[in-house]
Amino acid sequence: MTQPDDNHEQIAEWNGALGQRWATGQRQIDGIVQPFGEAALAAARARPGERVLDVGCGCGDTAIALARAVGAGGAVLGLDVSQPMLQVARERAAHEALPQLRFEEADASAAALPADVDLLFSRFGVMFFAQPQPAFAHLRRSLRQGGRCVFVCWRAPRDNAWAMAPLVAARRALGIVDPPPADPLAPGPFAFADGDRVRAILADAGFEGIELQRVDRPVHLGESARAAAVNALRVGPASRLLREVGEDQQPRLAAAIEAALAPHAAADGAVALNGSAWLVTAVAA
Ligand SMILES: C[S@@+](CC[C@H](N)C(=O)[O-])C[C@H]1O[C@@H](n2cnc3c(N)ncnc32)[C@H](O)[C@@H]1O
C-alpha cells in the first residue's frame, strides 16, 4: 500500500476534529495514557540541567513533568503540530513557574531543532510520520553524542483490548462485518507495533543500544461503562471510525460500546482493559 510523502494529512487531522477531541478531553485522555508515560519518564531519568525535546507533546502533560525534572537550569521544548492541543499545553504550563519550558508549533520531522539535546522523549507522539526513518535521522541530529531517546508506542491492536473492544462494538453497530485490512505501516497509533521495524528505523537513523521492553498496563477507560464508551469515542480507533461515519452517529455508537463494555465493569462500575506498549530506549551513536 502506498505511503504519503509528507505529514500534511496528519497535520490536518491533529488540527481538526481529532485534535479538538484531545484538547477538550485532555483530563480523561491523560488518565488513559499516564501509566505508559510514567514508565517512559522513569526510563528517561531526566536530570537537573538537561536539555530535552518532547516530540508530539500534545496537551503538555509529559513536557510539564520533564520541565519539573530538569529544573530552572535545564530546558524543555515541546514540539507539536496541533494548535488546539498546544493551546491547552500553554494554558496548563502557565499555572506553574516553569521558565525552562517552551512549546512550539512545528513538524518535528522537519523543524529547525536545538543542538546538543540530552534527551529525546515522546509519549505516543512518534508514530505519525509519513517517513519515519528520515524523521528519526533528523531528530537524531539534535542529540549530542550519547544522548538518549526514550519513547512509548502502542504494540499490536490485538494486544490492546482497550482500543479493540470499543472498535469491534462500534463496527457491529454500523453493520460492518468485514472491514478492509488496515495498512500496518500507515502513520497512526499502531504504526510502530512491529518491534523489528522500530529497531530498523532507529538503527538506520543513527541510534545504538536499541532496546524494546513490553509494557502492559490496565487502561482506565472510565468510571462507568457509559463514561468508558464516551472516552473510547474520544481516543483510539473507535474515535477514528466516528470521525469517518459522522458525529451524528455518536449516540448510537456510544450505546453499543457501553453495552459491550458493561460486562468488564469492576464492582465499583469502573472499566479498565489491557493496554500494551513498547517502551523504546536508544542512544545517539
Ligand atoms: C497520540 S497524541 C500524543 C500526545 C501527547 N504526547 C500525550 O501523550 O498526551 C500524538 C501527538 O503527536 C502530534 N504529532 C503528530 N505528527 C507530528 C509531527 N510530525 N510533529 C510533531 N508532532 C506531531 C499530534 O499533534 C499529537 O499531539
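Numbering of ligands and ligand atoms starts at 1, following listing order.
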* **Neighbour count >12 (heavy atoms, 6.0 Å) for atom CD, Glu96** => yes
* Gln10 contact mode with ligand 1 (heavy-atom cut-off under 4.0 Å) -> neither
* **Check: Asp61 side chain, Gln34 main-chain N or O, donor-acceptor pair, under 3.5 Å** => no
* May I ask you to identify the nearest protein heavy atom to atom 20 (N) of ligand 1, giving residue, atom name and distance to one decimal place in Å? => Ala108 N, 2.9 Å
* Asked: In terms of residue, atom name and distance, what is the protein heavy atom nearest to atom 16 (N) of ligand 1?
  -> Phe128 CB, 3.7 Å
* Close-contact set for ligand 1 against Ser82 heavy atoms, below 4.0 Å -> 25 (O)
* To do: Please confirm whether Phe192 and Trp154 have ring centers closer than 6.0 angstrom.
  => no
* For Phe124, counting its heavy atoms only, list the atoms of ligand 1 lying under 4.0 Å from any of them. => 1 (C), 2 (S), 3 (C), 10 (C)
* Gln100 side chain vs Ala67 backbone, donor-acceptor pair below 3.5 Å -> yes
* Looking only at distances, please establish whether an N/O atom of ligand 1 is found under 3.5 Å from an N/O atom of Asp80. => yes
* **Side chain, backbone, both or neither: the part of Cys57 lying under 4.0 Å from ligand 1 by heavy atom** => backbone
* Is Ala106 touching ligand 1 with its side chain, its backbone, both, or neither, if touching means heavy atoms under 4.0 Å apart? -> backbone
* Taking atom types as modelled, is there a side-chain donor on Thr62 or Asp54 under 3.5 Å from an acceptor on the other? -> yes
* Asked: Who's the nearest protein heavy-atom neighbour of atom 9 (O) of ligand 1, and how far?
  -> Arg123 NH2, 3.0 Å
* Stepwise, does the ring pair (Phe, Tyr, Trp, His ring centres under 6.0 Å) test hold for Phe124 with Phe36? -> CA-CA 9 Å; Phe124 300 124; Phe36 301 95; 5.8 Å; yes
* Asked: Measuring from the heavy atoms of Val81, does anything fall under 4.0 Å of ligand 1?
  -> yes
* atom 11 (C) of ligand 1 [closest protein heavy-atom partner, distance rounded to 0.1 Å] -> Gly56 O, 3.7 Å
* To do: Could you tell me whether Trp14 and ligand 1 have an N or O pair separated by under 3.5 Å?
  => no
* To do: May I ask you to decide whether Glu13 forms a salt bridge with Arg243, counting only side-chain N to carboxylate O separations under 4.0 Å?
  => yes
* Asked: Parallel, tilted or perpendicular for Phe207 and Phe136, by the 30°/60° rule?
  -> perpendicular
* How far is atom 19 (N) of ligand 1 from its nearest protein heavy atom, and which residue and atom is that? -> Asp107 OD1, 3.0 Å
* Asked: For residues Ser82 and Asp80, is any side-chain donor paired with an opposing acceptor at under 3.5 Å?
  -> no
* Asked: Hey, does Phe129 come in under 3.5 Å of ligand 1, counting only N/O atoms on both sides?
  -> no
